[in-house]
Amino acid sequence: MPMGSVVEAANTGANGSLSEKKPVVVFVLGGPGSGKGTQCANIVEHFGYTHLSAGDLLRAEIKSGSENGTMIQNMIKEGKIVPSEVTIKLLQKAMHESGNDKFLIDGFPRNEENRAAFETVTKMEPEFVLFFDCSEEEMERRLLSRNQGREDDNIETIRKRFKVFLESSLPVIQYYESKGKVRKIDAAKPIAVVFEAVEAVFTPADEQKASA
Ligand code: UDP
Ligand code: MG
């Protein structure tokens, strides 16, 4: 095992230092404005996962004044995908620091290279992929009205983000689809209605029947 890989150590239970159990990872994917962050907050409340938004981790890295900050900021402003190495390091650090063994990884992997690098570096594979399916029209409406002070929520950058999503991120979803791992959610509905569908994905089948 390569040295210094905390997540891998957690995975194998090496040293008995972290959880002996293999961590559970769920990738939460969907276009910009499809509701990933909003629904992740609900999942955390009900199912005890730790929410790791790759975009939020990158924005925190900019704020921290790290040497990569300017590069990350420029890429986000252009809707481009930050090099895997940077994002994966931030994800590994956050997983380690959480002390939890169940993770929602939101907004990552965004391209084939992200996906392959994550698997190689962490030796982890997602339990499943939650895919928020939403029309561009609806996503654009949400992004332009959310007012979170994000530098990339302007129409020019939004168009670039949509293009990157279609060209680079959808193939990742198709890859997991071919492995039977995608749980697709109709994300164009109101928050509470979407969460009902999400809840069903996270609730074991036997419990669903019991409460029906
Ligand atoms: N980003 C990235 N790699 C990631 C996640 C995000 O490069 O793994 C960058 C990318 O430029 C993206 C921006 O961060 O457009 C915002 O991502 P976020 O997931 O926060 O936006 P969302 O899709 O949720 O609106
Ligand atoms: Mg987000």
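Both counts, for ligands and for their atoms, begin at 1 and track the order of listing. Residues: numbered from 1 along the sequence shown.
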Tell me, with the steps shown, if I81 and T87 meet side chain to side chain contact (heavy atoms under 4.5 Å, CB included).
-> CA-CA 10 Å; I81 298 166; T87 315; over 6 Å; no
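For E119, the CD atom sits in a packed shell: over 12 heavy atoms of surrounding residues, nucleotides or ligands are nearer than 6.0 Å.
Residues in residues 48-77 take part in these ring pair (Phe, Tyr, Trp, His ring centres under 6.0 Å) pairs, two or more places apart or across chains: Y49-F202.
Grouped with I191 in a hydrophobic cluster is no other residue, since no side-chain heavy-atom contact under 4.5 Å to another Ile, Leu, Val, Met, Phe, Trp or Tyr is found.
One finds a salt bridge joining R161 and D153 here, because a Lys/Arg side-chain nitrogen approaches an Asp/Glu carboxylate oxygen to under 4.0 Å.
Here F132 pairs with nothing under the ring-ring contact (aromatic ring centres under 6.0 Å, His included) rule; sequence neighbours left out.
Listed by chain and residue number, the protein contacts of ligand 1 are P32, G33, K36, A54, G55, L58, R59, M75, I76, G79, K80, I81, V82, T87, G107, F108, R110, R146, R150, D152, R161 (heavy atom within 4.0 angstrom).
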